[in-house]
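Before any comments, here is the structure.
Counting starts at 1 for both ligands and their atoms, following the listed order.
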Amino acid sequence: MREERLCLALDFGSRREILGFARRFGGNVGWLKVGLEAFVAEGPSIVAEVAETGARVFLDLKLHDIPTTVGRAVAAASRSGAAMVNVHAFGGREMLVAAREAADAARVQLVAVTLLTSLDARSLADLPVAGHPEGIARRLAVLAKECGLDGVVCAARDVVAVKSACGSGFLAVVPGIRPSAADSFDQKRIASPAAALREGADVLVVGRPVTAAPDPDAALESLLAEIQSVS
Ligand code: C5P
C-alpha cells in the first residue's frame with residue numbers, strides 16, 4: 001500500500017542512484033523528492049523519469065530570487081512534470097505572489113520554505129534575523145497563506161503554530177524527521193515520524209534515514225510501520 005504521508009528525498013548526484021531508489025521505493029510512498037543535488041546533476045529530465053514510478057514528484061529547488069525570475073522558474077519547473085514545487089518565503093510577498101500565479105497557471109502545488117530545519121536558535125544568532133525559530137516560521141507561514149500558497153515546509157515543532165494561524169487545510173510538509181535510533185546528520189530541529197504526525201504534519205520528508213541506512217528496505221519498512229501506527 002502506498003503511504004501518501006511519506007515523501008522520500010532522492011538526494012543523489014547520479015541518475016543511476018536517483019532512479020535506482022525511485023524504482024525501488026516509488027510504489028510505497030506518495031511522493032518522491034528531487035532536490036538541488038539531483039536536479040543540478042541530471043537536469044529537468046530526471047523529474048519525468050522519477051515520475052514514471054507512479055509517485056508524485058516534489059521538486060525541491062527552494063527558489064529565492066526577484067519575483068519575475070521566480071515566477072518564470074516556477075513555470076519552467078512545472079513543465080518538468082513535478083506535482084509540487086517550492087520557494088523560500090523569505091523572498092517576500094511579491095515573489096510569493098508571482099510564484100503562486102505561475103503555479104496556478106501550471107496547476108502544480110506550491111509550498112514555501114519557512115525556516116530550514118538545519119537552522120536552530122544558535123545558528124540564527126549569526127544572521128540578521130530577530131526572533132525564535134518557531135515565531136519566524138509562523139510569521140512566514142502567515143505570509144505564504146496571505147499570498148495564496150498551498151502550504152509550507154516547516155519543522156515538526158512549528159506545525160501547531162502554523163496550523164493555528166493558517167488553518168488545518170494549510171499543508172505542513174515536514175523534513176528533519178529522525179526515527180529515534182537514526183543519525184541526525186546536519187539537521188537540528190528534528191522529530192520522530194510519529195511525533196511529527198501527532199503535531200499535525202501532512203507530509204513527512206525523509207532522506208538519509210532510509211537512503212543512507214545499511215539496509216534501506218528494512219529502514220523504510222520500520223518507518224512505514226511507525227507512520228501507519230498514527231491514524
Ligand atoms: O536526509 P534528510 O532526511 O535530512 O533529508 C531532508 C530533505 O529535506 C533534504 O532533501 C533537504 O534538502 C530537505 N529540506 C530540509 N529542510 C527544509 C526543506 C527541505 O531538510 N526546510
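Residue contacts with ligand 1 include P209, since one of its heavy atoms falls under 4.0 Å from the ligand.
A salt bridge links D202 with K163; the closest basic N to acidic carboxylate O contact falls under 4.0 Å. Using a 4.0 Å cut-off between a side-chain N of Lys or Arg and a carboxylate O of Asp or Glu, R208 and D186 qualify as a salt bridge. With respect to R56 and E4, a salt bridge is recorded, a charged nitrogen being found less than 4.0 Å from a carboxylate O.
Counting heavy atoms under 4.0 Å from ligand 1, residue I177 does not touch it at all. Within the 4.0 Å heavy-atom criterion, the part of V153 lying near ligand 1 is the side chain and not the backbone. In R178, the part holding a heavy atom less than 4.0 Å from any atom of ligand 1 is the side chain. With a 4.0 Å heavy-atom cut-off, ligand 1 is reached by the backbone of R208 and by its side chain too. Residue contacts with ligand 1, taken as heavy atom pairs separated by less than 4.0 Å, involve D11 solely via side-chain atoms from C-beta onward.
For atom 17 (C) of ligand 1, the closest non-hydrogen atom of the protein is P175 CG, 3.5 Å. For atom 16 (N) of ligand 1, the closest non-hydrogen atom of the protein is T117 OG1, 3.0 Å. K62 NZ, 3.3 Å is the protein heavy atom nearest to atom 12 (O) of ligand 1. Of the protein's heavy atoms, G207 N, 3.8 Å lies nearest to atom 5 (O) of ligand 1.
R138 places no side-chain N or O within 3.5 Å of a backbone atom of V160 that could act as its donor or acceptor partner. R189 places no side-chain N or O within donor-acceptor distance of the main-chain N or O of A156, the cut-off being under 3.5 Å.
The distance criterion of under 3.5 Å between nitrogen or oxygen atoms is not met by D186 with respect to ligand 1.
Under the 4.5 Å side-chain criterion, counting only non-hydrogen atoms from C-beta, V108 is not in contact with L59.
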